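Remember, predicted model here, so these are calculated numbers, not experimental data. When reading the values below, keep in mind they use all heavy atoms of this one structure, side chains included, and skip hydrogens, waters and symmetry mates.
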Amino acid sequence: MDNTSLMPASAVLLATADEMLLDDLLRLAAAAEVSPRVETDLLGLRRCWQSATLVVVGQDLVDPLARTQPVRRSGVLVAGVDADDPEVYRRALAIGAEGVFPLPAEEAALGDKLADTLDGGVRSAITLAFVGGCGGAGATTIASAVAVTGSRRGLRTMLIDGDPLGGGIDLALGSETDRGSRWPELLNAAGRVSAAALRSALPLVNGLAVLSWDRSDVTALPPEAMRSVLGAAQRSSDLVVVDLPRRADPAAEEAFVRATATLVVVPRDVRSCAAAARLVAPLREVASDLRVVAREPGLSGLSAVDVADHLSLPLAAKLSFDRDLPSLMDKGRFDPRPRGALGRTASDLLDLFGLYGLMAA
């Protein structure tokens, strides 16, 4: 019996009759720790076309495959060695390929695609970055509430504290003594971090994975570490919430660039709006979707719409703090009640981004 027939349906499929190309693809698969299935002719490719999670079609088999008009599916890539072939992109489109990877120029990108299959395919979480428009705006509070509420909805959620000087988001959640990795253990992370390994290493607070800081004297976060860790978080989650500092630094910029949306939390008063305006200007350079959360009550009577208009940003939500919430957070008893002001705002934000989870009702 052919041993390849025993390979799982989720295996990566490499299909090419070009021996040199196959050698390159097998080398990339080995580097990604992927054990692929190999087919060297059109018949084998068509037989396994719908059973693999990821199909990498060699440039030599694209045209014959296109003539068979294969069933459209996701997770199809084309790899080749002739980057000057002007017809390769047309042929790739004909088979529904999601990308063309000429080698060796695109080896790293193709290697990442292969490694993605180890983390469950192409999952990429909705990523919400929170930043205070001024000091004491309450960004950490609303970020924590959104993460906790998302986890309660059954969403696979990770909360990341991106501010080394913020005091540690685990203190607010009452998890500072829980076992698990903190940022100082991940500062040397670079390249690709295993999504499964990251999630299993972090403390869990009622199912919510939390990456925070310990009480060490580390005060800087390398951008490479943020890039690698955030990428792993996005591959293993439905929702990633990142609490970021107001100061511009390379690590924070990595998170702003990679976030689905950045939410600027601004109290409804003139001084806070003025401070937020200074922050928003540089944020526009790195954040693709900027929105404002206007915090009530407003000391000067500004409305939420006034705040959004002043900053020329869409209004994402209005926020009222529960009066006794700060003292509860100081005691590590953070609990955004569903019917409370903070819980309602967190739910509104999740709904805004379509994150209804398992408790949509």
Side-chain angles (χ1 to χ4, degrees), residues 31-32 106-113 115-116 119 122-133 135 137 139-140 143-144 146-147 157-170 180-199 201-203 209-237 239-265 278-291:
E106 297 292 330
E107 280 192 356
L110 182 55
D112 281 347
K113 292 290 187 181
D116 278 344
D119 294 328
V122 293
R123 178 197 295 241
S124 185
I126 295 291
T127 303
L128 303 180
F130 288 84
V131 60
T140 297
S144 301
V146 168
T157 306
M158 189 176 295
L159 174 61
I160 297 177
D161 183 353
D163 187 359
L165 302 179
I169 211 166
D170 56 350
S181 296
R182 268 68 175 180
W183 265 120
E185 299 171 54
L186 301 171
L187 293 183
N188 294 323
R192 188 183 182 83
V193 172
S194 166
L198 174 65
R199 180 169 288 276
L202 297 181
V210 180
L211 176 55
S212 186
W213 295 86
D214 58 16
R215 311 283 84 84
S216 68
D217 57 359
V218 176
T219 60
L221 178 58
E224 297 82 6
M226 175 62 85
R227 183 184 310 128
S228 298
V229 168
L230 187 54
Q234 291 172 320
R235 294 193 304 273
S236 66
S237 307
L239 169 65
V240 176
V241 178
V242 191
D243 181 32
L244 293 170
R246 295 182 62 239
R247 69 186 187 284
D249 63 43
E253 287 184 2
E254 282 289 339
F256 287 128
V257 167
R258 296 168 186 277
T260 306
T262 295
L263 298 149
V264 185
V265 183
R278 294 172 60 88
L279 173 73
V280 165
L283 274 182
R284 293 185 191 277
E285 301 295 321
V286 292
S288 60
D289 185 356
L290 264 176
R291 310 189 192 199

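Under a 3.5 Å cut-off, the side chain of Trp213 and the backbone N or O of Val218 do not form any donor-acceptor pair. Remark: side-chain polar atoms of Thr127 are not paired, donor with acceptor, to backbone N or O of Val240 under 3.5 angstrom. Although no hydrogens or angles enter the test, the distance criterion places no donor-acceptor pair under 3.5 Å between the side chain of Arg258 and the main chain of Phe256. Judged by distance alone, the side chain of Asp161 and the main-chain N or O of Ile169 form a donor-acceptor pair under 3.5 Å.
Closest approach of Pro245 and Gly162 over heavy atoms only: CD-O, 3.4 Å. Summarising the geometry of Val242 relative to Ala255, their closest heavy-atom pair is CG1-CB, 4.4 Å, with the distance given to 0.1 Å. A pairwise comparison of heavy atoms in Arg182 and Pro203 identifies NH1-CG, 3.5 Å as the closest pair. Nearest heavy atom pair, residue Gly132 against residue Ala137, reads CA-CB, 3.9 Å. Shortest non-hydrogen contact noted between Ser181 and Leu211 is O-CD1, 4.2 Å. Closest approach of Gly133 and Val264 over heavy atoms only: CA-CG1, 3.8 Å.
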Would you tabulate the side-chain donor-acceptor contacts of residues 278-286 under 3.5 Å, counting partners in other chains and residues two or more places apart, or write 'none'?
{"from": "Arg284", "atom 1": "NH2", "to": "Leu311", "atom 2": "O", "distance (Å)": "2.8"}

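Residues Glu254 and Leu230 form no side-chain contact, since every pair of their non-hydrogen atoms from C-beta on lies 4.5 Å or further apart. Arg199 places a side-chain heavy atom less than 4.5 Å from the side chain of Ser237. By the 4.5 Å heavy-atom criterion applied to side chains, Leu202 and Val210 are not counted as neighbours.
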Could you go step by step and tell me if Met226 and Leu244 meet the side-chain contact (heavy atoms from CB on, under 4.5 Å) rule? CA-CA 11 Å; Met226 175 62 85; Leu244 293 170; 4.2 Å; yes

side-chain contact (heavy atoms from CB on, under 4.5 Å) evaluation trace for Val146 with Leu263: CA-CA 12 Å; Val146 168; Leu263 298 149; over 6 Å; no

Worked check of side-chain contact (heavy atoms from CB on, under 4.5 Å) between Leu198 and Met158: CA-CA 10 Å; Leu198 174 65; Met158 189 176 295; 4.1 Å; yes

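Here the straight-line distance linking atom CD1 of Ile160 with atom CG of Asp243 works out to 11.0 Å at 0.5 Å rounding. To the nearest 0.5 angstrom, Thr140 atom OG1 is 10.5 Å from Phe130 atom CZ. In this structure, CD1 in Ile126 is found 8.0 Å from CG in Leu239, a value given to the nearest 0.5 Å.
Applying the side chain to side chain donor-acceptor pair (under 3.5 Å) rule to Thr260 yields no partners; only residues at least two apart in sequence or on another chain are considered.
Comment: Asp163 engages Arg247 in a salt bridge, judged by a side-chain N to carboxylate O separation of less than 4.0 angstrom.
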